[in-house]
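Here it is, the structure in full.
These numbers were taken from a predicted model, which means no experiment stands behind them.
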Protein chains: 2
Amino acid sequence: MVKPTLQDVANAVGVSRSTVSNAYSRPDQLSAALRAKILDAARRLGYPGPDPTARSLRRGYVGAIGVLFTSELSYAFTDPFAVRFLAGVGQVAERHSTSLLLVPLPGDRDRARAAVDNAAVDGFCVYCVGDEEHVLDAIRGRGLPLVTTAPDAAGPADSFVGIDERAAARSVAAHVAGLGHRRVALLGDTVLPDAPPGPLRLADPRDAPHPTTRGRLTGFADAFAAVGVPWSAITVVNTAGNSRAAAAAAVAPVLAGDDPPTAVLACSDVLALGVLDAAGPDSGLSVTGFDDVAEAAAAGLTTVRQPAEEKGRLAAALLLEPPADPADGHLLLPTDLVVRTSTGPVPRS
Amino acid sequence: MVKPTLQDVANAVGVSRSTVSNAYSRPDQLSAALRAKILDAARRLGYPGPDPTARSLRRGYVGAIGVLFTSELSYAFTDPFAVRFLAGVGQVAERHSTSLLLVPLPGDRDRARAAVDNAAVDGFCVYCVGDEEHVLDAIRGRGLPLVTTAPDAAGPADSFVGIDERAAARSVAAHVAGLGHRRVALLGDTVLPDAPPGPLRLADPRDAPHPTTRGRLTGFADAFAAVGVPWSAITVVNTAGNSRAAAAAAVAPVLAGDDPPTAVLACSDVLALGVLDAAGPDSGLSVTGFDDVAEAAAAGLTTVRQPAEEKGRLAAALLLEPPADPADGHLLLPTDLVVRTSTGPVPRS
DNA sequence: GGTAGCTTCTGAATCGATACAGCACTGAAT
DNA sequence: ATTCAGTGCTGTATCGATTCAGAAGCTACC
């Protein structure tokens with residue numbers, strides 16, 4: 001038994017294809033009686049209703065928005081901040097009867113492009129992009145609306161929702177500097193594309209390719225420069241992946257070295273928690289994170305809070321309810337410095 | 001400027017449409033020189049490559065699998081077990097260059113059906129279904145492959161990957177019974193469709209409509225029946241949602257009542273954690289969960305471990321690499337009873 | 001009775017691509 | 001010179017629906 005099509009239903013009832021189509025999509029275009037007759041025949045024939053693909057082709061829209069993640073798809077579910085962001089996107093999508101297409105973005109440039117080009121969606125919500133500028137170009141090339149969460153990745157036509165990464169980073173770094181810390185290390189995931197885990201030479205924080213990392217490192221640098229600590233005196237540590245374990249592994253040698261830092265500022269809470277793991281309890285090391293995920297509170301982590309779900313909700317809303325004035329497509333969210341027990345004065349040793 | 005189509009590129013180069021199509025999808029069908037010329041012209045014209053929707057229509061497949069959740073889409077991201085399951089699905093999908101379409105399933109029957117009917121996917125992976133049998137029927141009606149995680153929801157043609165819910169529940173309940181507990185309460189989310197939070201009359205555990213809940217409650221009942229505690233002596237408590245807060249709110253009155261239970265067995269870790277919240281530390285109450293999510297270990301929760309990511313990976317694999325023999329489409333995963341500190345002997349009072 | 005105004009339904013064009021049979025040409029073998 | 005097998009490319013049918021202008025039928029009013 002082959003799958004019946006709209007035409008088969010039309011034949012069975014003895015009406016035209018258009019009428020059957022109307023029975024499904026525009027009930028006001030035909031009499032209730034005929035409609036009932038058609039739906040009944042459809043049920044009898046086992047016709048499951050209009051084919052979504054064919055319908056999308058003709059209508060010109062799909063009813064799904066793509067969500068892109070720089071790294072593997074599984075990362076989307078590994079970082080608690082990402083999960084909450086997605087939940088926010090999902091809430092709004094749900095209201096619009098829109099699905100979420102999670103697009104795995106392979107590391108390989110060409111395959112990444114292909115993944116974007118092949119995604120059947122009405123728009124893209126890009127959670128975070130590294131130097132994947134070409135992926136954004138692919139989206140723009142398709143003429144699809146795009147909302148990003150990294151300010152300087154946003155082109156003129158793109159929407160944006162996010163925080164002032166640099167200012168937020170400055171606030172937490174200023175707190176650490178204010179406690180007297182001068183020997184500090186910064187910790188980021190994939191600070192430079194192919195760098196191994198561990199300490200890294202980075203001539204200038206603005207050289208970091210990943211916009212979010214760049215913004216945060218630059219903000220950290222700002223605050224320390226303000227108290228006389230030059231960039232060159234700051235250790236930058238790279239991790240292989242945004243995970244607790246990766247962070248612990250990358251930072252352990254640094255903590256064990258000569259002249260270890262008295263404070264470590266991480267680019268995400270997950271990394272910061274890894275630093276706490278590596279340092280062990282009561283080490284006296286000051287550690288800060290970023291995002292304020294649920295685990296941060298339990299661990300007493302000093303961090304910067306940004307509204308995760310709200311960010312997701314707004315991103316989806318920008319896509320699904322585009323503002324009349326494109327100028328309203330750029331949203332800057334507030335952040336809060338949350339001081340907990342993971343930061344304190346420099347221990348005298 | 002309108003978006004160019006394949007035809008426009010063909011015209012520009014002076015070849016047929018098919019040749020341009022081949023340049024993209026079957027490079028071996030034309031000379032490298034011509035292919036280069038075509039791709040070059042495409043770039044010049046701003047042609048973004050074949051339209052995914054049109055391609056899907058013609059090819060007959062989409063390159064995406066649907067993931068269905070009974071409750072709201074945001075739930076998918078709220079339950080840690082669901083998140084890990086999804087991560088597993090994502091890993092396998094990634095290997096197959098396949099996207100994940102998360103389909104929000106509205107509570108309303110008709111809209112739920114519509115959501116399924118409109119999803120452009122090659123198959124469905126149903127994380128958990130309540131009494132949503134009609135949704136499964138809709139999927140089958142479309143002739144799409146289906147993998148479920150609830151054994152008795154699986155039709156003959158469906159694949160299945162999951163655990164023996166009843167036996168697993170029996171094992172943890174036997175542990176609690178072995179500790180001497182005889183006054184017990186069971187806690188589940190939406191045990192009956194429209195029941196309010198709090199204690200509930202349920203004549204028989206097998207009356208619970210949700211297959212997973214049904215399996216677990218029945219297993220609990222088995223173990224207590226074996227030590228002489230009849231079903232009628234067991235309190236069943238309903239929650240409004242699978243969250244810590246909902247569980248705490250639903251169970252608090254029960255714990256505060258006359259003749260409170262000495263043990264509470266929950267149908268998920270999240271609920272169990274809520275019970276611990278409600279009971280407070282050192283209450284002497286024994287509490288068990290289900291799934292062994294990350295937070296369970298930290299809270300010392302006695303629970304049943306099941307392999308979350310592996311479950312997701314297998315589910316996706318059944319969809320994307322269907323076994324030659326349909327009999328291999330039913331996978332039963334192992335579970336482990338994990339005894340921690342949240343269970344202990346009955347306190348003498 | 002004629003025309004205006006509705007509602008209900010039809011037919012052809014269209015969305016943007018892919019599959020497949022078949023044609024034209026090339027070079028080698030007979 | 002003729003057949004043959006292989007490349008490389010073209011043309012047409014097709015995927016399964018939606019859209020829209022317009023025809024047909026029916027009521028209603030002057």
- Message: Quick test of your reading of the model: are A:Asp110 and A:Arg113 salt-bridged, counting only N-O distances below 4.0 Å?
- Response: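 So A:Asp110 does not pair with A:Arg113 through a salt bridge.
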- Task: Indicate, with a heavy-atom threshold strictly under 4.0 Å, whether A:Tyr24 touches base, sugar-phosphate, or nothing.
- Result: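 It contacts nothing in the nucleic acid.
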- Do A:Ser18 and D:dT19 have a side chain to base donor-acceptor pair shorter than 3.5 Å?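 Pair found.
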- Message: Between B:Asp40 and B:Arg43, does any NZ, NE, NH1 or NH2 come within less than 4.0 Å of an OD or OE carboxylate oxygen?
- Response: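 Result for this pair is yes, salt bridge flagged.
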- Indicate, with a heavy-atom threshold strictly under 4.0 Å, whether A:Thr19 touches base, sugar-phosphate, or nothing.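 Base, at least one base atom sits under 4.0 Å.
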- Calculate the interatomic distance between A:Ile38 atom CD1 and C:dT10 atom C1'; express it in whole Å.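 Distance check: A:Ile38 CD1 to C:dT10 C1' gives 12 Å.
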- Query: Taking for each residue the nucleotide of DNA chain D bearing the nearest heavy atom, is the 5' side occupied by A:Val20 or by B:Gly14?
  - Reply: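 Closer to the 5' end of DNA chain D: B:Gly14.
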- Rounded off to whole Å, could you give me the CG-to-C1' distance for the B:Asn22 and D:dG11 pair?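 In whole Å, D:dG11 C1' lies 13 Å from B:Asn22 CG.
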- Any idea how B:Tyr47 and B:Tyr24 line up, ring-wise: parallel (<30°), tilted (30 to 60°), or perpendicular (>60°)?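 Answer is perpendicular, since the angle exceeds 60°.
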- Classify the nucleic acid contact of B:Arg26 as base, sugar-phosphate or nothing, counting any heavy atom under 4.0 Å across all strands shown.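 Here B:Arg26 touches the backbone only, sparing every base.
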- For the pair made of CD in A:Gln29 and C1' in D:dG22, what is the distance, rounded to whole Å?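 Distance check: A:Gln29 CD to D:dG22 C1' gives 14 Å.
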- Item | Closest listed nucleotide, where the reference is the side chain of B:Pro50 and the choices are C:dA17, D:dT10, D:dA17 |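 That would be C:dA17.
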- Could you check which of D:dT18, C:dT8, C:dA17 has an atom nearest any side-chain atom of B:Thr5?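 Looking only at heavy atoms from C-beta outward on B:Thr5, the closest nucleotide is C:dA17.
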- Task: Check the distance between C:dT18's P and B:Leu6's CG and give it to me in whole angstrom.
- Result: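 That distance rounds to 6 Å.
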- Task: Check B:Leu102, B:Asn118, B:Leu101 against A:Ser99 for a side chain to side chain contact (heavy atoms under 4.5 Å, CB included) and give me the one that passes.
- Result: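 Exactly one candidate clears the test, B:Leu101.
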- Query: Counting side-chain heavy atoms from C-beta on, which of C:dG11, D:dG16, C:dT18 comes nearest to B:Arg17?
  - Reply: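 That would be C:dT18.
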- Message: Regarding A:Ser25, tell me which of base, sugar-phosphate or nothing describes its non-hydrogen contacts under 4.0 Å with the strands shown.
- Response: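 Contact class for A:Ser25: sugar-phosphate only.
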- Task: On DNA chain D, check which nucleotide each of B:Ser31 and B:Arg59 is closest to and give me the residue with the more 5' one.
- Result: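 On the 5' side of the pair lies B:Ser31.
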- Task: Would you indicate which nucleotide in C:dC15, C:dT18, D:dC15 comes nearest to any side-chain atom of A:Leu57?
- Result: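 Among the listed nucleotides, the one closest to the side chain of A:Leu57 is C:dC15.
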- Query: Between A:Ser21 and D:dT18, does any side-chain N or O lie under 4.0 Å from OP1 or OP2?
  - Reply: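 Affirmative; the distance criterion is met.
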- Task: Ignoring backbone atoms, establish whether B:Tyr61 has a side-chain N or O less than 4.0 Å from OP1 or OP2 of C:dT18.
- Result: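 So the side chain of B:Tyr61 is outside the cut-off, no N or O lying under 4.0 Å from OP1 or OP2 of C:dT18.
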- Message: At 4.0 Å (heavy atoms only), tell me whether B:Leu30 reaches a base, stays on the sugar-phosphate, or touches nothing.
- Response: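 Result for B:Leu30 = sugar-phosphate.
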- Quiz item: B:Arg58 side-chain donor-acceptor pair to D:dT14 base, under 3.5 Å: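 For B:Arg58, whose side chain was compared with the base of D:dT14, there is a donor-acceptor pair (under 3.5 Å).
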- Check whether the side chains of A:Ser97 and B:Arg111 place a donor and an acceptor atom closer than 3.5 Å, and report yes or no.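 Yes - a donor-acceptor pair under 3.5 Å links their side chains.
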